[in-house]
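In what follows, a single structure is set out as structure tokens and then discussed.
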Amino acid sequence: MPHQLPADYYLDNFRQLLDFVAERYWPLLNAREQGFHRRLTGMPREAQMLYVRLLSRRGEYFLQRKLTYPEIGNVPAAADILACNQLLERNPKLGLEQACALLTKADICHRLELSPSPGRGVLLQGLDSDPRGHPTIISRLLSGEVVYRVLDSDLFTTFKLCFFGNLRQDLTDFVLRDLGLFRYENYPLEQRQLLFYQRAQIDQHLQYYRSVEQLDAVLQSDTATILTLWQELPPMQADDPVLNRRLQRLGNTLARQLERLGAAQQALDIYRQLQQPPARERCARILAARGDLAGSLQLCKAMIAAPANEAERHFAAEFGYRQARKKGIDWPSPQRYQPPLQRLELKAAGIRVELASAHHLAADGDCHYVENSLLNGMLGLLIWDIVFAPVRGAFFNPFQAAPSDFYDPGFISRRGQLLQRRLSETTNPGAMAKIVLARFESKYGISNPLVNWSGLSETLLRQALERIPLDHWQVMLRRLLSDLKQHRSGMPDLVHFPSEGGYEWIEVKGPGDRLQKNQRRWLAFFATQSIPHRVLHVDWLAA
DNA sequence: AGTACCAAGG
DNA sequence: TTCACACTGTCCC
DNA sequence: GACAGTGTGTCTCCTTGGTACTGA
Ligand SMILES: [Mn+2]
Ligand SMILES: [Mn+2]
């Protein structure tokens, strides 16, 4: 783990990425992308370095005088080579806004002989209607400057997508890894089953990301704009679960905003194309709100018959009951679990209510503010090797914190045997502790989707392993595994280890706070398994 | 002069 | 690139 | 009590230097 990088580290990283993709995806790359790779790799090192430097900066236009890269040496010479290879344009046509973006406010005022009066925004607005006209202003602004425009950066985007499988990671991930700031498990890389196996998939993912770029603006906009975005998205592909997941999530977001704008029918039209929650729940609500009770109840029944997850089943049972009761229709009444409740008054101390409660309980034994990190972390450590098992298509680049299928239900079924065996093999507390503590030590700091390292300590793990009986671990971890996505949250705030032994889960509620649905479900589960738990309702005593 | 913010970079 | 949780306000029974 | 919307801490780094803006 070298903490000192070579001067041209960024080119090495860039070439690793580019060559990795060229090697594996060559047949899927189009002529432009193949040509891009050939042009780049055919140039002298200095020119490649400058190109990478430009790509890593914001925007596509640059002033030559602002580019100071000692490790490149002669930047203008490198730029000439880039220009010969159509990777850079010298002195391109610039609009007024683009020209101004290159200069400081002081530069602009000086060159146009304006007083540096108001703010930059006002100044630029005034320039737009300046009597001298845009072309004159631009040429005065840029006289004596050499401007570069970097070309074909969109092709690099395609390479990044193929490499990472997403557009949220980029070259900085290489740097952070090499500096030891991000650590990834050392899993064997998939050689044959890559993320993409058809050209169309690449274009579909690119289209998805183009749409996502507009998402913020579109959500602020009107119904028609939102619908347009939805229609421009690539269609769902049954054989591309990653794309499917992204589209489902985006669809739910767009439809939800349509609801807020009062476009219930259009929202419904989108929700009906989605399988991923909360689509059906939203449909049931919309139908009920528009008075279609029969439709709403029918949907609730369908959800109960084949729930996408536990939350959907609970929703359908309760919502259906409330709707049905209004009209006197028969509907099984859902039973609601009431967890044991204790009241407590604490002196207002200006700290979070969970911490204040933990401190109070620590008068008798130890108490940790863990929320989800204990149970998730324990599972992550126990099944570490299974999470990173070389399942078909799971790992296709060295920068993955999780296998590519971690967030879909197939994750469990594809590793079902391994998981079952691990849990059933863990027949005594010593065996579990041995695995977990060894992993805690050997894997500390390595990214794992289940492990939040800052929420774990050896003390906590040891105490939890000692106090919580093995059969409790078994049932809690099995529940967690049964739906990782959903059960990963909602666990109680505190775990308390009293002096006289044993343990208890405690969910703290301050004034005005209520149990959330997923918290209620975990507590109800604890009750069915005789796992000790309690809700602690805290009121503040005036100081 | 003090600041808040952000781009660049390792 | 969020996500999970807490908090606030509204509406309805 | 149900629900929606908003706020908060946090996430996946940390430092540096430039810029624009503010108020003395
Ligand atoms: Mn909590
Ligand atoms: Mn709580």
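Residue contacts shown for Asn518(A) are limited to sugar-phosphate atoms, with no base heavy atom under 4.0 Å away. Within the nucleic acid shown, Lys326(A) has no heavy atom closer than 4.0 Å to any nucleic acid atom. Across all strands, Arg282(A) comes closer than 4.0 Å only to sugar-phosphate atoms, never to a base (heavy-atom distances). Residue contacts for Glu354(A): at a heavy-atom cut-off of 4.0 Å it reaches the sugar-phosphate backbone alone, with no base atom in range. Using a 4.0 Å heavy-atom distance criterion, Glu507(A) is classed as a sugar-phosphate-only contact. Nucleic acid contact class of Tyr184(A) (heavy atoms, under 4.0 Å, all strands): none. Phe319(A) comes within 4.0 angstrom of the backbone, heavy atoms only, and of no base.
Screening Val150(A), Leu88(A), Leu151(A) against Glu60(A) for a side chain to side chain contact (heavy atoms under 4.5 Å, CB included) leaves a single residue, Val150(A).
Base pairing analysis places dT22(D) opposite dA1(B); the two distances defining the Watson-Crick or G-U wobble pair are each below 3.5 Å. Across all strands shown, dC11(D) has no partner, as no Watson-Crick or G-U wobble contact with both distances under 3.5 Å is found.
Side-chain contact between Val218(A) and Gln257(A) is absent, with no heavy atoms from C-beta onward closer than 4.5 Å.
Without hydrogens or angle criteria, Ser221(A) side chain to Ala217(A) main chain gives no donor-acceptor distance under 3.5 Å.
Counting non-hydrogen atoms of other residues, nucleotides and ligands closer than 6.0 Å to CZ of Arg65(A) gives a total above 12. Other residues, nucleotides and ligands contribute more than 12 heavy atoms inside 6.0 Å of the CD atom of Glu71(A).
Computed from coordinates, the Arg57(A) CZ to dG17(D) C1' distance equals 13 Å when rounded to whole Å. Here dC7(C) presents its P atom at 10 Å from NE2 of His537(A), a figure rounded to the nearest Å. Straight-line distance from the CD atom of Glu281(A) to the C1' atom of dA2(D): 12 Å, rounded to whole Å. When the P atom of dT1(C) is taken as reference, atom CZ of Arg245(A) falls 11 Å away, rounded to whole Å. Atom CG in Asp216(A) sits roughly 8 Å away from atom P in dT2(C) (whole-Å rounding). Separating the CG atom of Leu181(A) from the P atom of dG9(B) is a distance of 18 Å, rounded to the nearest angstrom. If you measure from atom CD of Glu259(A) to atom P of dC3(D), you get 13 Å, rounded to the nearest angstrom. Protein atom OH of Tyr209(A) is 10 Å distant from nucleotide atom C1' of dT1(C), rounded to whole Å.
Nearest-nucleotide mapping onto DNA chain D: of Thr172(A) and Leu103(A), the residue sitting toward the 5' end is Thr172(A). If you find the closest nucleotide of DNA chain D to Arg256(A) and to Asn452(A), the one lying nearer the 5' end belongs to Arg256(A).
Closest to the side chain of Lys105(A), from the set dT1(C), dA20(D), dA6(C), is dA20(D). Nearest to the side chain of Arg322(A), among dC3(D), dG9(B), dC21(D), sits dC3(D). Side-chain atoms of Arg53(A) lie closest to dG9(B) of the nucleotides dC13(D), dA20(D), dG9(B). Set against dA4(C), dG9(B), dA20(D), the side chain of Arg488(A) has dA4(C) as its closest nucleotide. Looking at the side chain of Phe182(A), the nearest of the listed nucleotides dT12(D), dC5(C), dC3(D) is dT12(D).
In this structure, Arg479(A) is positioned above the aromatic face of Phe525(A), its NZ or CZ under 6.0 Å from the six-membered ring centre and within 45° of the axis.
Going from the C1' atom of dC13(D) to that of dA4(C) covers 23 Å, rounded to whole Å. Atom C1' of dT1(C) sits at a distance of 23 Å from the matching atom of dT15(D), rounded to the whole Å.
Under the 30°/60° scheme for interplanar angles, the aromatic rings of Phe20(A) and Phe163(A) are found to stand perpendicular.
With hydrogens and angles ignored, a donor-acceptor pair under 3.5 angstrom links the side chain of Arg168(A) to the base of dT12(D).
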